[in-house]
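What follows is a short report on a single structure.
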Number of protein chains: 2
Amino acid sequence: MNVRQRQGQKTKKKIIEAAIALFHERGFNNVTVDEIVAVTNTSKGAFYNHFTSKHEVFAEQFKQIDQFYVEHLVPQLDADQSVIERLTRFLELQMNYLQDELGWDVTRTIYEQELSTERSSYFLDPDRPLYDILFTLCQEGIDKGEFKEGYSAHDIVTVLIHGMRGVLYNWSLNRGRISLADEQRMMFGALLDGLSAE
Amino acid sequence: MNVRQRQGQKTKKKIIEAAIALFHERGFNNVTVDEIVAVTNTSKGAFYNHFTSKHEVFAEQFKQIDQFYVEHLVPQLDADQSVIERLTRFLELQMNYLQDELGWDVTRTIYEQELSTERSSYFLDPDRPLYDILFTLCQEGIDKGEFKEGYSAHDIVTVLIHGMRGVLYNWSLNRGRISLADEQRMMFGALLDGLSAE
DNA sequence: AATAGATACAGACCGTAGTCTCTTCATTAT
DNA sequence: ATAATGAAGAGACTACGGTCTGTATCTATT
């Protein structure tokens with residue numbers, strides 16, 4: 001990496017850090033791009049050279065979410081447990097992470113952005129690690145006969161994702177005033193009950 | 001209603017009809033307020049006198065949705081069927097209506113708006129007729145022992161609403177490319193299975 | 001070493017949602 | 001009948017996300 005590129009990365013990093021801090025402090029919608037470039041002594045040109053939109057600064061955080069799932073959540077699962085138990089545990093850990101680490105405003109912003117832009121959506125990316133995690137588990141569950149007949153692994157992942165989206169959408173909509181842990185437990189409890197065999 | 005008010009309502013109606021038509025034609029995001037006021041020979045002053053935002057013109061349609069549920073969907077339910085069957089049927093009718101009549105772009109816009117504005121949210125309004133419909137059914141189901149022990153009517157409504165949100169969010173996100181009917185059937189099938197007794 | 005090309009960045013500019021002020025005129029009070 | 005009030009509306013203006021063009025400087029080529 002030459003001097004020029006290094007300088008570029010430095011600027012990018014500076015913008016990300018300042019932006020994330022401001023967002024965290026006052027909420028995404030209350031921070032302007034003009035303000036971000038002012039406090040970082042950069043410019044619109046610099047900002048939009050590194051990011052295609054204000055939302056994309058968020059993506060920097062967002063990309064790390066699935067990485068976190070893979071590195072820190074999946075290893076916590078106990079292979080001795082049934083798939084249903086492991087799924088329950090994974091979803092619980094995931095929701096705790098979102099509630100405690102990411103927060104509702106970030107979540108809300110992501111959910112809003114995904115709906116609003118024409119740009120490439122992370123939710124729709126079939127290679128998203130989260131989908132792999134769930135698919136692998138579900139396939140194992142089917143092979144072991146833990147699920148009702150008639151569901152494919154893809155079906156189950158789809159249903160789980162829908163459940164997740166609904167719970168997270170509502171939690172964001174309520175601005176974190178409801179307990180994600182409670183809502184999550186009820187939702188996936190009912191859902192996995194309905195999906196499991198016998 | 002005097003002459004002045006009548007004139008106001010006439011203008012409002014004119015704007016709503018033109019806006020809805022334009023939205024339907026080219027999508028919400030591709031229609032500007034300037035354009036709406038141009039084709040209706042009105043002005044920004046007139047527009048924002050009657051609506052607090054571009055999104056709110058949508059609310060006019062939206063308010064009619066629940067009215068439609070109450071007037072046209074609920075009467076179709078067969079009181080001889082079990083509550084679970086009626087819930088299944090209601091959700092099916094509801095999703096069909098949204099898919100065929102309202103369309104994904106309107107749905108997407110509503111879901112986006114609810115997340116983005118600080119303004120009063122329709123989803124959060126506890127008096128929303130949809131919640132009443134579901135609550136009444138669920139309470140009856142509990143009284144008749146159709147649901148598992150330990151769930152209150154409120155719990156069940158919450159879970160169903162979350163399921164609904166997840167399915168509709170995803171359908172909108174996919175710009176109607178997935179079958180709402182199929183996704184809905186799988187989601188509520190699993191969910192009601194998980195919630196019902198024995 | 002000289003030149004051409006590329007790119008990080010600056011900042012003027014644009015499009016659009018939403019605001020503010022001002023005018024008009026029906027309605028109400030005197 | 002006349003004056004005061006206030007809502008419907010016109011349209012200039014603002015705020016802000018995003019684009020476009022220009023510039024300086026680093027890098028690659030010969």
Side-chain angles (χ1 to χ4, degrees), chain A residues 1-20 22-23 26-60 108-110 112-120, chain B residues 1-20 22-23 25-60 105 108-110 112-120:
Chain A
M1 200 191 284
N2 61 37
V3 174
R4 207 181 184 88
Q5 290 169 316
R6 223 177 1 255
Q7 177 57 37
Q9 289 310 302
K10 206 173 139 192
T11 303
K12 182 171 181 177
K13 187 162 172 253
K14 188 166 66 170
I15 291 175
I16 291 173
E17 286 172 0
I20 299 292
L22 285 170
F23 293 154
R26 307 212 314 277
F28 182 81
N29 290 329
N30 301 319
V31 177
T32 69
V33 175
D34 281 332
E35 188 182 357
I36 295 167
V37 305
V39 304
T40 52
N41 285 310
T42 57
S43 66
K44 281 275 184 79
F47 188 95
Y48 285 98
N49 184 47
H50 293 294
F51 309 98
T52 64
S53 69
K54 181 183 162 192
H55 274 121
E56 205 188 90
V57 186
F58 255 77
E60 294 298 320
R108 186 190 64 73
T109 307
I110 290 166
E112 185 195 340
Q113 167 193 20
E114 290 284 324
L115 277 190
S116 68
T117 64
E118 308 282 330
R119 285 176 239 286
S120 68
Chain B
M1 203 190 284
N2 61 35
V3 173
R4 208 179 183 91
Q5 290 169 317
R6 225 181 355 260
Q7 177 57 36
Q9 289 309 303
K10 205 173 140 193
T11 303
K12 182 171 182 177
K13 186 161 172 256
K14 188 165 67 168
I15 291 175
I16 291 173
E17 286 171 359
I20 299 293
L22 285 170
F23 292 153
E25 204 175 291
R26 308 211 313 278
F28 181 81
N29 290 329
N30 301 318
V31 177
T32 68
V33 174
D34 281 333
E35 188 181 356
I36 295 167
V37 305
V39 304
T40 51
N41 286 311
T42 57
S43 66
K44 281 276 184 76
F47 188 95
Y48 284 99
N49 185 44
H50 293 294
F51 309 99
T52 63
S53 71
K54 182 181 161 192
H55 274 122
E56 204 187 271
V57 186
F58 256 76
E60 295 299 320
D105 186 59
R108 186 190 62 74
T109 306
I110 291 167
E112 187 195 340
Q113 167 194 21
E114 290 282 324
L115 276 192
S116 68
T117 63
E118 306 283 329
R119 286 175 239 287
S120 67

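The basis for the numbers below is simple: all heavy atoms, side chains too, and nothing from hydrogens, waters or symmetry mates. Here is the naming used below: chain letters follow the sequence lines, and residue numbers restart at 1 for every chain.
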Notebook entry, point to check: Within less than 4.0 Å of OP1 or OP2 of C:dT19, is there a side-chain N or O belonging to B:Y48?
Noted result: no
Check: How would you label the contact of B:V31 with the nucleic acid (heavy atoms, under 4.0 Å): base, sugar-phosphate, or nothing?
Finding: sugar-phosphate
Notebook entry, point to check: Side chain of A:S43: nearest nucleotide among D:dG9, D:dA7, C:dG11?
Noted result: C:dG11
Margin query: Given D:dT25, C:dC9, D:dA8, identify the nucleotide with an atom nearest to the side chain of A:N49.
Written below: C:dC9
Check: Just how far, in rounded Å, is C1' of C:dC9 from NZ of A:K13?
Finding: 20 Å
Notebook entry, point to check: Rounding to a whole Å, what distance do you find between A:N29:CG and D:dA15:C1'?
Noted result: 14 Å
Check: Of the nucleotides C:dT16, D:dG17, C:dC9, which has the atom closest to the A:T11 side chain?
Finding: C:dC9
Checklist line | Nucleotide nearest A:K44 when distance is taken to its side chain, options C:dA12, D:dG9, C:dA17 | finding: C:dA12
Item checked: Atom pair distance, as rounded to whole Å: CD1 in B:I36 and P in D:dG9 -> 16 Å
Checklist line | Rounded distance in Å - CG (B:D34) to P (D:dT14) | finding: 16 Å
Next item on the list: Give a yes/no on whether any side-chain N or O of B:Q7 is located under 4.0 angstrom from OP1 or OP2 of D:dG9.
Entry: yes
Notebook entry, point to check: Among B:V31, B:V37, B:V33, whose side-chain contact (heavy atoms from CB on, under 4.5 Å) with B:E35 holds?
Noted result: B:V31
Note to self: In terms of relative ring orientation, are B:F58 and B:F28 parallel, tilted or perpendicular, with 30° and 60° separating the classes?
What the structure shows: perpendicular
Item checked: Minimum-distance nucleotide (side-chain atoms of A:V33 versus C:dC9, C:dC25, D:dG17) -> D:dG17
Check: Between the main-chain N or O of A:S53 and the side-chain N or O of A:E56, is there a donor-acceptor pair closer than 3.5 Å?
Finding: no
Item checked: Rounded interatomic separation in angstrom, taking CD from A:Q113 and C1' from D:dG17 -> 14 Å
Check: Could one point to a donor on the side chain of A:K54 or the base of D:dG18 with an acceptor on the other under 3.5 Å away?
Finding: no
Notebook entry, point to check: For the pair made of CG in B:N2 and P in C:dT27, what is the distance, rounded to whole Å?
Noted result: 5 Å
Notebook entry, point to check: Is any side-chain nitrogen or oxygen of A:H50 closer than 4.0 Å to OP1 or OP2 of C:dC9?
Noted result: yes
Next item on the list: Check step by step if side-chain contact (heavy atoms from CB on, under 4.5 Å) holds for A:K13 and A:E17.
Entry: CA-CA 6 Å; A:K13 187 162 172 253; A:E17 286 172 0; 3.3 Å; yes
Next item on the list: Please state how far atom CD in A:E35 lies from atom P in D:dA15, giving the value in whole angstrom units.
Entry: 14 Å
Checklist line | Atom pair distance, as rounded to whole Å: NZ in A:K14 and P in C:dA8 | finding: 15 Å
Next item on the list: Using side-chain contact (heavy atoms from CB on, under 4.5 Å) as the criterion, point out the one residue from A:V39, A:T32, A:N30 that pairs with A:L22.
Entry: A:V39
Next item on the list: Check whether the side chain of B:R4 and the base of D:dA7 form a donor-acceptor pair under 3.5 Å.
Entry: yes
Notebook entry, point to check: More 5' along DNA chain C: B:Q5 or B:F47, using each one's nearest nucleotide?
Noted result: B:F47
